[in-house]
Every structure is written in C-alpha cells, then in structure tokens.
Amino acid sequence: MTNIIGTYECKIDSKGRLMVPAPLKKQLPAPTDGFVLKRSIFDPCVELWPKAEWDIMMLKINKLNRFVKKNNDFIRKFMAGVKMVEIDDAGRLLITKDLIEYAGISKDLVLTSKVNIIEIWDKDLYEKSISGDDMDFADLAEEVMGNLNDDENGIS
C-alpha cells in the first residue's frame, strides 16, 4: 500500500493541466505504472489513484455479484468518469473537462493526501470542507478512532 503525505497548492491551466508539486511527485510510484482519475464518492473533488492501488480496489469490486441490482448500480456510479492518466514528461497531469466540472475546479487547486490516494480540490471548496468548529472534529475523531487500541504500535 502506498502512503502519501502532505497537502500542496498549485494551479490548473486553461487546458486542464496541473503541474504536480515536486515533493508530491517524489512520493508517487513510477510514472510508467499510470494513474486513475475518478469522481469522489462523498466530496466535490477528484481522486487520483496510483494504478497499483486502483487494481486492489478493482479486485474488491469484481467480487460483487452483478446480478444484484444494488451492486450493479454501485459499480456504475463508482466507475462514472473514470479515466486512465499519466504524468507527462514536463510533470503535468491532465484533468478532463467533465471531472473539472464535477469538482467545481476553477484555477487554484489543493492536492491532499487521503492515505493511499490523492484528492484534487478547488481551493475554495477544500477550505470550506476543512473549516468549521474544532469541537466537531474532536467529536468525529473520538467516534472514529476512540475505540481503536493498538498497543503494539504505540497507538491508544
């Protein structure tokens, strides 16, 4: 599993290309493996998946019984807008117009780690998504991580 760290700001040009920030590019797998761009399920952003991570997800998706309508509907929506992409020799990544429109991307972007994938956000939308009451995040952290007890790794 790839662990990607950091939040980076950059700009997108009129053709939909963004220059991948150097510190982020160093963390990504070899460009020859390629990447997958897709709509996020829960947020108005685009996800960039290293191909190896995408392949792991596809193994899970392929286990779904396609004769169950909910599974079929999920697969269709999950795969909507999916594109294979590469980082070009100049270090740029092309985001297609349909994904730019989906994510409400204008000019200023934020690329942020979501453990093994990267979220690509319009900067204003990203700022709105992370702003808010710190107590809300504290409650969320307690609910999500509060019962996790991993003494072996020093987490408790």
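When all heavy atoms of P50 and L48 are compared, the closest pair comes out as CD-O, 3.8 Å. A103 and V46 make their closest contact through CB-CG2, 3.7 Å (heavy atoms, listed as atom of the first residue, atom of the second, distance). P23 and Q27 make their closest contact through O-NE2, 3.4 Å (heavy atoms, listed as atom of the first residue, atom of the second, distance). Closest of all the heavy-atom pairs between P21 and L111 is CD-CD2, 4.0 Å.
Checked by atom type and distance alone, the side chain of N71 pairs as donor or acceptor with a backbone atom of N65 at under 3.5 Å. In this structure, Y8 contributes its side chain and S113 its backbone to no donor-acceptor pair below 3.5 Å.
The salt bridge (charged side-chain N to carboxylate O under 4.0 Å, His left out) search around D43 returns none, not counting sequence neighbours. When the side-chain contact (heavy atoms from CB on, under 4.5 Å) test is applied to D73, the partners found at least two apart in sequence or on another chain are K69, R76. T96 pairs by the side-chain contact (heavy atoms from CB on, under 4.5 Å) definition with K83, D98, L99, not counting sequence neighbours. In this view, E127 satisfies the salt bridge (charged side-chain N to carboxylate O under 4.0 Å, His left out) rule with no residue, not counting sequence neighbours. In this structure A90 satisfies the side-chain contact (heavy atoms from CB on, under 4.5 Å) test together with D88, R92, sequence neighbours excluded. With sequence neighbours left out, the salt bridge (charged side-chain N to carboxylate O under 4.0 Å, His left out) criterion links K114 to E47, E119. Legend: residues meeting side-chain contact (heavy atoms from CB on, under 4.5 Å) with D13, ordered by chain and number and at least two apart, are K15, R17.
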(message) Could you walk me through whether T7 and V110 satisfy the side chain to side chain contact (heavy atoms under 4.5 Å, CB included) test, starting with their C-alpha distance in whole Å, then the side-chain angles of each, then the deciding distance to 0.1 Å, before giving a yes or no?
(response) CA-CA 7 Å; T7 299; V110 172; 3.5 Å; yes
(request) Begin with the C-alpha distance, continue with both residues' side-chain angles, and end with the deciding distance and a verdict on side chain to side chain contact (heavy atoms under 4.5 Å, CB included) for I95 and L37. (result) CA-CA 8 Å; I95 303 176; L37 270 178; 4.2 Å; yes
(message) V115 vs I4, test: side chain to side chain contact (heavy atoms under 4.5 Å, CB included). Steps then yes/no.
(response) CA-CA 6 Å; V115 185; I4 302 167; over 6 Å; no
(message) Using the rule given for side chain to side chain contact (heavy atoms under 4.5 Å, CB included), can you reason through Y126 versus C45, listing the C-alpha separation, both sets of side-chain angles and the distance that settles it, and then say yes or no?
(response) CA-CA 8 Å; Y126 176 75; C45 67; over 6 Å; no
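L125 and I120 fall into different hydrophobic clusters, where Ile, Leu, Val, Met, Phe, Trp and Tyr residues are linked whenever their side-chain heavy atoms come under 4.5 Å apart, directly or through other members. Under a hydrophobic clustering in which Ile, Leu, Val, Met, Phe, Trp and Tyr are joined whenever their side-chain heavy atoms come within less than 4.5 Å, directly or via other members, F35 and I105 fall into the same cluster. Hydrophobic clustering (side-chain heavy atoms under 4.5 Å, transitive across Ile, Leu, Val, Met, Phe, Trp, Tyr) groups I87 together with I118.
Counted within 6.0 Å of CG on D89, heavy atoms from surrounding residues, nucleotides or ligands total 12 or fewer; the atom is thus considered open. N62 CG: more than 12 foreign heavy atoms inside a 6.0 Å radius.
Its side chain outside the 4.5 Å cluster rule for every partner, L59 clusters with none of the Ile, Leu, Val, Met, Phe, Trp and Tyr residues. L94 shares a hydrophobic cluster with no other residue; no ILVMFWY side chain has heavy atoms under 4.5 Å from its own. Other residues sharing the hydrophobic cluster of I117, ordered by chain and number and joined by side-chain separations under 4.5 Å: V36, I41, F42, W49, W54, M57, M58, I61, L64, F74, I75, F78, M79, V82, M84.
Taking 4.5 Å as the limit, some side-chain heavy atom of C10 sits within range of a side-chain heavy atom of L18. A heavy-atom distance below 4.5 Å is not found between the side chains of I130 and T112.
Listed by first and then second residue, the salt bridge (charged side-chain N to carboxylate O under 4.0 Å, His left out) pairs involving residues 103-113 are K11-D108 (not counting sequence neighbours). Listed by first then second residue, pairs satisfying salt bridge (charged side-chain N to carboxylate O under 4.0 Å, His left out) with a partner in residues 59-68 number zero, not counting sequence neighbours.
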